[in-house]
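The chains referred to below are lettered A, B, ... by the order of the sequence lines, with proteins before strands, and numbering in each begins at 1.
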There are 2 protein chains.
Amino acid sequence: MYFWRNLYPLTRSEENYIKAIFHLGGNASTSVATNAIAEEMDTKPSSVTDMAKKLADKGLVNYVRYQGVLLTEKGIKTALGIIRKHRLWEVFLVKKLDFSWDEVHEVAEQLEHIKSEKLIDKIDELLEFPKYDPHGDPIPTKNGEFQERDKQLLSEMPLSSTGICVGVKDSSSSFLKFLDKNQIALGETIQILDKEDFDDSLLIKIAEREFHISHQIAANLFVKKNS
Amino acid sequence: MYFWRNLYPLTRSEENYIKAIFHLGGNASTSVATNAIAEEMDTKPSSVTDMAKKLADKGLVNYVRYQGVLLTEKGIKTALGIIRKHRLWEVFLVKKLDFSWDEVHEVAEQLEHIKSEKLIDKIDELLEFPKYDPHGDPIPTKNGEFQERDKQLLSEMPLSSTGICVGVKDSSSSFLKFLDKNQIALGETIQILDKEDFDDSLLIKIAEREFHISHQIAANLFVKKNS
DNA sequence: ATCAATTTTTAGATTTGTCTAAATTTTTAT
DNA sequence: ATAAAAATTTAGACAAATCTAAAAATTGAT
Ligand SMILES: [Mn+2]
Ligand SMILES: [Mn+2]
Ligand SMILES: [Mn+2]
Ligand SMILES: [Mn+2]
């Protein structure tokens, strides 16, 4: 019966593409370019084209030749399901198994593909329904509700304002290790004491300590402005 | 560089074959037949032949045409690693997430392929280094030590002897649910009160209750004889 | 020892996911 | 408006894992 062959479940590769498209903004209204997906997934554009057709067949994306893809409702639901699993597993690894926040991503990349609704709901319950992952990213609920946090980059905050550190833009191990080394953790209050015009570096105060950080650091730290 | 292409890590399929071969006694001295593997894995013998060659190339089995396969030292190590993961995840699901023992196998089949030594060692630690899985099967240590339990089938115990229920031979959901329904759990003491010659059924006493069980039930329950 | 039954392997396809190289379409710059 | 550049798709290939059908080897029964 070839008609409804292999519609479900999704393969690991299909799931990874869906997630990548979501991260590139494929839930909005302007479509995501083939090359952008190829870069994000570290594959070739021709492979992306092949997959775009397959995902379109399955009703997960709308695909127009030479114009890229957009997630359908179903595609968005799917993406949120995978992201939910990824982030819950990250919380699990940190809270229950003492992983540090720079080690969890790689393992979560594997765990996010485990197929068991009961499993992830039980993990959610065990963790007492966390709202954010270790990097400050919001965790979609079981019903696919998903709220981006009110946040802005530290580099965009005005001089002498204060805010609470709520997330990172770059989750690379090297950046996270840098933050650990300098005792910059989520939840800390940061005050901008000075800005250097020459290189946009900042003098900040955090937990009674004052020090300089480069623009590159500030441009990868999210803070919530104190209201 | 095609010489050392794809030696590691093992694919999910390769891991499943290794595990199946181990379960069929591939660590002993008489080799495992192609057909037996095909049956165990629910594939065709021709597929098994293909895989046997691949595993032999990787040094995991010794394969002689028309004579089946035997695990090498390396193959045995690999099998024990996968079995360790499978059983630890089963314990985790039961102890930490309140799964019942008849639901865990399917999910553990997926989780056993997650590649992270740290992850499984941390799970082991969280569970306080359990020796047996929910079905009474022994869990290999990190170093691959593996001790089969001293046990025998209830059906082979002599009349009026008593023993402690320590495991199941059949882990099918229907059998496990039957045991739950009749409150036969691992750790309980069972006494054989009577044997029926006609159909080999038994009258047993367990937790102050007496009742009849068929030979088929008794032939799938492991007990440890009281010394 | 012979021959039939059984087991196992080979040959040739198929599906999924990937690649390279060439062709095509779209975009951008003049 | 045209041409060059960039993006995208197509065509054709390959590796992994599977299958079916046919061939070959082994086993077992007389
Ligand atoms: Mn991550
Ligand atoms: Mn994260
Ligand atoms: Mn199991
Ligand atoms: Mn088990």
Notebook entry, point to check: Roughly, in whole Å, what's the span from CG in B:D42 to C1' in D:dA17?
Noted result: 15 Å

Note to self: Restricting to non-hydrogen atoms, name the atom on A:S116 and the atom on A:L119 that form the minimum distance, rounded to 0.1 Å.
What the structure shows: OG-N, 3.0 Å

Checklist line | A:Y17 OH - C:dT16 P separation (whole Å) | finding: 14 Å

Next item on the list: For A:R87 and A:D137, work out which heavy atoms get closest and say how close.
Entry: CZ-CB, 3.4 Å

Notebook entry, point to check: What's the CZ-P distance between A:R12 and D:dA17, to the nearest Å?
Noted result: 14 Å

Notebook entry, point to check: From D:dT18, C:dT18, C:dT10, pick the nucleotide closest to the side chain of B:D50?
Noted result: D:dT18

Margin query: With a 3.5 Å distance limit and no angle check, can you tell me whether A:K54 reaches the backbone of A:E14 through a side-chain donor-acceptor pair?
Written below: no

Checklist line | Gap between atom NZ of B:K95 and atom CG of B:L88 - 0.5 Å precision | finding: 13.0 Å

Next item on the list: Report, as yes or no, whether the 6.0 Å neighbourhood of atom NZ on B:K118 holds more than 12 heavy atoms from other residues, nucleotides or ligands.
Entry: yes

Notebook entry, point to check: Under 4.0 Å between a side-chain N or O of B:S13 and OP1 or OP2 of D:dA16?
Noted result: no

Notebook entry, point to check: With sequence neighbours left out, which residue pairs that include part of residues 84-103 of chain B fulfil the ring pair (Phe, Tyr, Trp, His ring centres under 6.0 Å) condition?
Noted result: A:F92-B:F92, B:H86-B:H105, B:W89-B:F92

Check: Is there a residue in residues 28-38 of chain A whose heavy atoms reach under 4.0 Å of DNA chain C, and which residues are they?
Finding: none

Note to self: How many whole angstroms separate atom CE of B:M51 from atom P of D:dC19?
What the structure shows: 11 Å

Margin query: Is it the case that the side chain of A:Q110 and the backbone of B:K115 share a donor-acceptor pair, with hydrogens and angles ignored and the cut-off at 3.5 Å?
Written below: yes

Next item on the list: Kindly indicate, with the supporting measurements, whether the criterion side-chain hydrogen bond (donor to acceptor under 3.5 Å, both in side chains) is fulfilled by B:E40 and B:H23.
Entry: CA-CA 9 Å; B:E40 172 88 6; B:H23 280 135; 4.6 Å; no

Next item on the list: Answer yes or no: side-chain N or O of B:S46 and base N or O of D:dT20 forming a donor-acceptor pair under 3.5 Å.
Entry: yes

Notebook entry, point to check: Can you tell me how far P of C:dT16 sits from CG of A:D57, to the nearest Å?
Noted result: 11 Å

Next item on the list: Answer yes or no: does atom CD of B:Q147 have more than 12 heavy-atom neighbours from other residues, nucleotides or ligands under 6.0 Å?
Entry: no

Notebook entry, point to check: If you take all heavy atoms of A:P130 and A:V91, which pair is closest and at what distance?
Noted result: CG-CG1, 4.1 Å

Item checked: Angle of first-five versus last-five pair axes in the helix from C:dA1-D:dT30 to C:dT30-D:dA1, to 10 degrees -> 0°

Check: So which of residues 60-69 of chain A are in contact with DNA chain C, with a heavy-atom cut-off of under 4.0 Å?
Finding: A:Y66

Item checked: Per A:K44 side chain, nearest of listed nucleotides D:dT20, C:dC19, C:dT8 -> C:dC19

Next item on the list: Starting from P on C:dG17, measure out to NE2 on A:H113 and report it in whole angstrom.
Entry: 12 Å

Notebook entry, point to check: Can you tell me if the side-chain N/O atoms of B:S47 get under 4.0 Å from OP1 or OP2 in D:dT18?
Noted result: no

Next item on the list: To the nearest Å, give me how far apart CD (A:E15) and C1' (C:dT16) are.
Entry: 15 Å

Checklist line | Set of side chain to side chain contact (heavy atoms under 4.5 Å, CB included) partners for A:K195, sequence neighbours left out | finding: A:L159, A:I192, A:L202

Check: How would you list, by chain and number, every residue that makes a side chain to side chain donor-acceptor pair (under 3.5 Å) with B:K142, sequence neighbours excluded?
Finding: B:E117, B:D121

Next item on the list: Would you please confirm or rule out a distance under 4.0 Å between OP1 or OP2 of C:dT10 and any side-chain N or O of B:K53?
Entry: yes

